[in-house]
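A note on names: the letters A, B, ... follow the listed sequences, proteins ahead of strands, and every chain is numbered from 1. All of these numbers come straight from a predicted model, not from anything done at the bench.
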Amino acid sequence: MSDNKPENELKAPTNFIHAIIEEDLRKVKNDSRVHTRFPPEPNGYLHIGHAKSICLNFGTAAKYNGKCNLRFDDTNPVKEDVEYVDSIRDDVHWLGFDWEDREFFASDYFEQIYEFAETLVKKGKAYVCDLSAEEIAAQKGTPTRPGTESPYRNRSVEENLDLLRRMRAGEYPEGARVLRAKIDMASPNMHMRDPLMYRIIYGHHHRTGDKWCIYPMYDFAHGQCDSIENITHSICTLEFEVHRPLYDWFVKELEIFPPQQIEFARLNITYTVMSKRKLLELVKNNFVNGWDDPRMPTISGLRRRGYTPESIRNFSDIIGVAKRDNVIDVSLLEFCIREDLNKKAPRVMGVVNPVKLVITNYPEGQTEEMNAVNNPEDPESGTRKVQFSRELYIERDDFMEEPSNKFFRLAPGKEVRLKYAYIIKCESIVKDPETGEITEIHCTHDPETLSGREQSSRKVKGTLHWVSANHALEAEIRLYDRLFMSEDPEDVEEGVDYKTNLNPDSLKVMKGYVEPSVSGTKPLDKFQFERLGYFCTDSDSNDDRLVFNRTVALKDSWSKANK
RNA sequence: UGUCCGAUAGUGUAAUGGUAACACGUCUGAUUUUGGUUCAGAAGACUCCAGGUUCGAGCCCUGGUCGGACAACCA
């Protein structure tokens, strides 16, 4: 590397967008300024696909010493709400990005956008059309057949201007008239066939109230908003690619600053849906418990589930950015959170599906405090004490009455290590005479094998986690599985709804126990329950009632081998 | 029977005319008081097809094939 080049040129582009930007920088386009924006519509909660866009836009700005704005695209009062504005702000901040004082709303520019409309009318490039929505649709043609021109297309500039002003003044009912760009009804690009610029809506806007009764269409607002904010690179998803000629047309006719739009492929993940419409439907019809249900791919859902901002940023980074359609395996997301939490999450013992274990040769009423390592991956994290006594709970899955020879855990006559405690041997089991269910497992321990003593180095095949029955804290533990059973939930036969792919077992609520050291835990605290997975204290949790979400299970080569 | 866009291991993403690489996943083995982690290794791609340009093509050109987007007074 030579050091006489600007810093920007030293970094290898990591994706095609950065390659374009670096080429622009080389040409000193826009005075080598890089300014991006994240432009959500406040009509729903942000999801992991938005996170990809947020990371791309803010990340790109940071990489090239530029800026990134947060702008709410609020041009449709009937769908938008402050609840969504607030959640979007929270989510972007939580992900770790800061837009400083650059928080904007498309509605901030309504007056300016209206001026743009008058400008086009005066240039003879826009006209008021009295056709109904149905008539306009009918005259639009099809992708392979040209449309026909509106009978109102050639109104005079004076008449158009008068009509437009009276539209704004509220003289006409909703749907009576629209403002259209006068472009080309025969264009092979449907978006160029005299697209709508303004429509009449008497809805109450979450910011401008009842000031306006005409609202710009997205296509007539978005490009100009970018221009007003001097956005150099307008990064958006592929479906807007065919809109680009229209945005460029408006910018050219208006003679305003031209942002460069670059489109990338939106994120898809296996076993989930990613459209706001479908996510809204799942929420509204109570298929999930709200936007932040830990099964949702929303940012708020992932947060509640126990994902960290770092893990999501890293995920966004390694999935890359390209133009081809893609479906990311959900196991990659899971890899990212495991990798992050492995380093950070304190280890703790918790039993999710408990069965009682009695150490028959251990003195009744005796308690010992065992030394436990908080995180073997983090030497700084220290140790803690865990109470041990005669009656314990262990995981039901850790015992098998008739084990295969690959089963390293507890079985009649077999020895196993209790982590941080003793090596025990199973002597007998007690069953419920009615159901045949195992109610107690009776073992003996070898006092010489206490963890740390010489005898404890004896080799045994398995090590189990446990909690002391008299000391452990009761907890509700929520086990999540994928929301959909099918890798592509939307891949259904004609007439079949994607919701038939919903996984009926996506949530299992367990009554379990955790070691006492977790008392006082607060929502969003993260733990690794040894041998089980990563867990996060839920927002329903409090000092009287502990509730944990399983973020993700540990990799489990035992259960995999059993399939 | 239109316009635009795309096509590289199972899944993603690199390779910017010069030996197809990386991550996840999969499979071995070692270590391990987490069947986790870590470490070592393996398998897996005639780069959609056919032509062309070139000493040389995943990359450039032409034609096909397949996939996606576009016909809301949504964004």
### Task
State which of B/C70, B/U34, B/C5 makes the closest approach to the side chain of A/Val242.
B/C70
What pairs of nitrogen or oxygen atoms, one from the protein and one from nucleotides 28-32 of chain B, lie under 3.5 Å apart?
none

### Message
Classify A/Phe407 by what it touches in the nucleic acid, base, sugar-phosphate, or nothing, heavy-atom distance under 4.0 Å.
### Response
base
### Task
Select from A/Asn375 and A/Arg244 the residue whose nearest nucleotide in RNA chain B is closer to the 5' end of that strand.
A/Arg244
### Message
Check A/Lys323 with A/Glu241, please: is the shortest side-chain N to carboxylate O separation under 4.0 Å?
### Response
yes
### Message
From the set B/A75, B/U37, B/G35, return the single nucleotide nearest to any side-chain atom of A/Asn76.
### Response
B/A75
Listing, residues 330-337 of chain A side-chain donor-acceptor contacts under 3.5 Å, not counting sequence neighbours, or none:
from     : atom 1 : to       : atom 2 : distance (Å)
A/Ser331 : OG     : A/Asp329 : OD1    : 3.1

#### Entry: Audit row: A/Tyr198, A/Arg168, side-chain contact (heavy atoms from CB on, under 4.5 Å) steps and yes/no
CA-CA 10 Å; A/Tyr198 266 95; A/Arg168 177 179 181 172; over 6 Å; no
### Task
Pick base, sugar-phosphate or nothing for A/Arg347, based on heavy-atom distances below 4.0 Å to the nucleic acid.
base
### Task
Indicate whether OP1 or OP2 belonging to B/U13 is found under 4.0 Å from a side-chain N or O atom of A/Thr14.
no
Any protein N or O atoms within reach of nucleotides 71-73 of chain B? Criterion: under 3.5 Å, listing atom names and distances.
from  : atom 1 : to       : atom 2 : distance (Å)
B/C73 : N4     : A/Leu131 : O      : 3.1
B/C73 : N4     : A/Ala133 : N      : 3.2
B/C73 : N4     : A/Gly175 : O      : 3.0

### Query
Is a donor-acceptor contact shorter than 3.5 angstrom present between the side chain of A/Ser451 and the base of B/U33?
yes
### Task
Assign A/Ile319 to base, sugar-phosphate, or nothing according to its heavy-atom contacts below 4.0 angstrom with the strands shown.
sugar-phosphate
### Query
Within the pair A/Ser557 and B/G36, is there a side-chain N or O less than 4.0 Å away from OP1 or OP2?
yes
### Task
Indicate, yes or no, whether a donor-acceptor pair under 3.5 Å links the base of B/G36 to the side chain of A/Arg338.
no
### Query
Is A/Arg409 salt-bridged to A/Glu395, going by a charged N under 4.0 Å from an acidic O?
no
### Task
Please confirm whether A/Tyr218 and A/His243 have ring centers closer than 6.0 angstrom.
no
### Query
So, does the side chain of A/Gln528 form a donor-acceptor pair with the base of B/U34 at under 3.5 Å?
yes
### Query
Counting only non-hydrogen atoms, which of residues 324-335 of chain A are less than 4.0 Å from RNA chain B?
A/Arg324, A/Asp325, A/Asn326, A/Val327, A/Ile328, A/Asp329, A/Ser331, A/Leu332, A/Phe335
### Message
Under 4.0 Å, counting only non-hydrogen atoms across every strand here, what does A/Pro376 touch: a base, just sugar-phosphate, or nothing?
### Response
base
### Query
Which part of the nucleic acid, if any, lies within reach of A/Lys406 when heavy atoms closer than 4.0 Å are counted: base, sugar-phosphate only, or nothing?
base
### Query
Using Watson-Crick and G-U wobble pairs with both distances under 3.5 Å, what is the 5'-to-3' dot-bracket string of RNA chain B, with [ ] for crossing pairs and | for pairs outside the strand?
.((((((..((((....[..)))).(((((.......))))).....(((((..]....))))))))))).....
### Task
Ignoring backbone atoms, test whether A/Lys560 places a side-chain nitrogen or oxygen under 4.0 Å from the OP1 or OP2 oxygen of B/U26.
yes
Strictly under 3.5 Å: I want the nitrogen or oxygen pairs between protein and nucleotides 43-45 of chain B, one per line.
none

### Message
Starting the side chain at C-beta, find the nucleotide from B/U33, B/G25, B/C5 nearest to A/Lys555.
### Response
B/G25
